[in-house]
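Since the structure comes first, as structure tokens, the remarks are kept for the end.
Residue indices begin at 1 and follow the sequence shown.
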Amino acid sequence: MLVTSCIEVDEPTEICFPHDENGQHVSAQYFLSGEASIVMGNGQRQLWTQDATSVIRSDTPGFRLFVEPGQVLRHVCVAMYRDDLSDRLDETNGPQLARLMASDATVDLAVPVPTEMRVRNTAQRLHDLRAATGLDSVKAEGLAISFLSEVLTSYVQLALDGADTRSVLPWQAHGAQRLKAAIDADPDHSFAEGEMLERFAMGDQMARRVFQAEFGTTLAAYTRTARFAKAQAALRDGTTSVKQISFACGYAHIGNFTRAYKQHFGETPSETRARATRAR
């Protein structure tokens with residue numbers, strides 16, 4: 001399924017997309033111009049901007065766009081039913097697409113991927129052929145499959161991200177900022193497999209590399225410091241046991257937590273609590 005658009009609005013506009021009862025779609029999207037906020041059926045939000053490419057699967061009904069006045073949106077979307085796409089995959093690319101292609105769960109993903117020049121060129125040709133008939137319509141169908149394949153290839157590379165040693169790109173820096181904010185808000189959270197890719201558009205290895213490049217410290221070290229800062233505040237508050245604080249920091253044994261805490265702060269958890277109690 002190929003969808004192209006050229007929308008100009010002079011007032012705030014919401015565009016709702018009907019839910020397809022016949023199956024789940026996996027789609028590749030590219031914005032040639034303009035920007036809009038997307039809202040997934042599960043409430044997840046993302047800003048689409050010019051030259052942005054995304055892979056989307058939105059199983060939950062309610063997918064919609066919000067467009068601000070004065071925007072001229074030109075965009076290309078190529079979608080395929082998950083079942084049809086799954087039939088074309090083999091064991092060489094299946095593992096990287098497993099989360100996107102899951103058949104036993106409701107999936108709501110909107111993952112930005114790097115925009116390659118060939119994606120830009122293919123999207124522009126598709127947009128130019130949006131009213132094509134005859135042989136040009138056949139050409140458009142072939143380009144649509146090529147566009148979907150190119151964007152999904154970028155998604156697979158994003159999931160692999162093993163040998164990427166390039167400098168930090170703007171979209172990666174933005175993802176790192178969001179990751180840092182998530183750690184600050186909840187230092188005790190442990191990211192599940194695939195969660196980095198879903199929330200920050202970076203696989204685990206890329207996230208570690210980009211985070212260190214952006215902030216000059218490793219992701220593990222920053223998380224550890226944030227957890228110890230939260231532990232110190234809890235010890236001073238005095239309402240949570242040292243055992244509970246130890247578990248929250250990821251330590252199964254209080255002795256290990258005590259040694260690591262003392263190495264970090266120069267005093268034991270009990271000494272921190274005692275000093276806070278005397279100061280009250």
Of the non-hydrogen atoms in [X] and [Y], which two are nearest, and what is the gap between them?
| X | Y | answer |
| --- | --- | --- |
| S58 | M40 | CB-CE, 3.8 Å |
| A28 | F147 | O-CE2, 3.5 Å |
| P269 | F257 | CG-CE2, 3.6 Å |
| C77 | S27 | SG-CB, 4.0 Å |
| A176 | V210 | CB-CG1, 3.8 Å |
| A231 | I245 | CB-CG2, 3.5 Å |

Just jot down the side-chain contact (heavy atoms from CB on, under 4.5 Å) partners of [X], sequence neighbours excluded, or say none.
| X | answer |
| --- | --- |
| D186 | D188, H189, K230 |
| Q50 | S33 |
| T223 | I183, L219, R227 |
| T217 | F211, F215, A221, Y222 |

(request) State which residues pass side-chain hydrogen bond (donor to acceptor under 3.5 Å, both in side chains) with R199; sequence neighbours excluded, sorted by chain then number. (result)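 If we apply the side-chain hydrogen bond (donor to acceptor under 3.5 Å, both in side chains) test to R199, skipping adjacent residues, the hits are E195.
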(request) Establish whether L143 and V138 are linked, either directly or via other cluster members, by ILVMFWY side-chain heavy-atom contacts under 4.5 Å. (result)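 Each belongs to a different hydrophobic cluster.
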(message) side chain to side chain contact (heavy atoms under 4.5 Å, CB included), that's the test. Do I38 and I56 meet it? Break it down for me.
(response) CA-CA 11 Å; I38 69 165; I56 292 181; 4.2 Å; yes
Would you call [X] and [Y] a side-chain contact if the rule is heavy atoms closer than 4.5 Å?
| X | Y | answer |
| --- | --- | --- |
| V78 | V151 | no |
| T218 | Q212 | yes |
| R82 | V107 | no |
| T106 | N42 | no |
| L85 | L152 | yes |
| Q124 | L32 | yes |
| M196 | L179 | yes |
| L109 | Y155 | yes |

(message) Hydrogens and angles aside, do S146 and E150 bring a side-chain donor and acceptor to less than 3.5 Å of each other?
(response)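 Result is yes, a qualifying pair exists.
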Do any N or O atoms from the side chain of [X] and from the backbone of [Y] form a donor-acceptor pair under 3.5 angstrom?
| X | Y | result |
| --- | --- | --- |
| S149 | I145 | no |
| S103 | M101 | no |
| D108 | T60 | yes |

Near [X] [atom1], under 6.0 Å, is it more than 12 heavy atoms from other residues, nucleotides or ligands?
| X | atom1 | result |
| --- | --- | --- |
| R64 | CZ | yes |
| Q263 | CD | no |
| H264 | NE2 | yes |

(request) Evaluate the criterion side chain to side chain contact (heavy atoms under 4.5 Å, CB included) for residue pair Y30 and L126; output intermediate values, then yes/no. (result) CA-CA 11 Å; Y30 176 74; L126 281 169; over 6 Å; no
(message) Working to the nearest 0.5 angstrom, can you tell me the gap between L73 CG and F31 CZ?
(response) 5.0 Å
(request) First locate atom CD of E214, then atom CZ of R209, and finally report the distance between them rounded to the nearest 0.5 Å. (result)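 If we round to the nearest 0.5 Å, E214:CD and R209:CZ are 10.0 Å apart.
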May I have the list of side-chain donor-acceptor pairs in residues 16-24 shorter than 3.5 Å, sequence neighbours left out?
unit_1: D20; atom_1: OD1; unit_2: N22; atom_2: N; d: 2.8
unit_1: D20; atom_1: OD1; unit_2: N22; atom_2: ND2; d: 3.4
unit_1: D20; atom_1: OD2; unit_2: H25; atom_2: NE2; d: 2.9
unit_1: D20; atom_1: OD2; unit_2: Y81; atom_2: OH; d: 2.6

(message) For K180 and D184: C-alpha separation, side-chain torsions, deciding distance, then whether salt bridge (charged side-chain N to carboxylate O under 4.0 Å, His left out) applies.
(response) CA-CA 6 Å; K180 180 176 179 292; D184 292 340; 3.5 Å; yes
What residues form a salt bridge (charged side-chain N to carboxylate O under 4.0 Å, His left out) with [X], not counting sequence neighbours?
| X | value |
| --- | --- |
| R120 | D51 |
| R57 | D59 |
| E68 | none |

(request) Under 4.5 Å between side-chain heavy atoms, chaining through other members, with only Ile, Leu, Val, Met, Phe, Trp and Tyr counted: pull out the rest of the cluster around F66, sorted by chain and number. (result)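 Once heavy-atom contacts under 4.5 Å are chained together, F66 belongs with V39.
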(message) Once salt bridge (Lys or Arg N to Asp or Glu O under 4.0 Å) is applied, what residue pairs with a partner in residues 259-271 remain, sequence neighbours excluded?
(response)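 Of all non-adjacent pairs touching residues 259-271, those that pass salt bridge (Lys or Arg N to Asp or Glu O under 4.0 Å) are E267-R275.
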Would you be so kind as to tabulate the donor-acceptor pairs closer than 3.5 Å made by side chains of residues 246-254, with sequence neighbours excluded?
unit_1: S246; atom_1: OG; unit_2: Y251; atom_2: O; d: 3.2

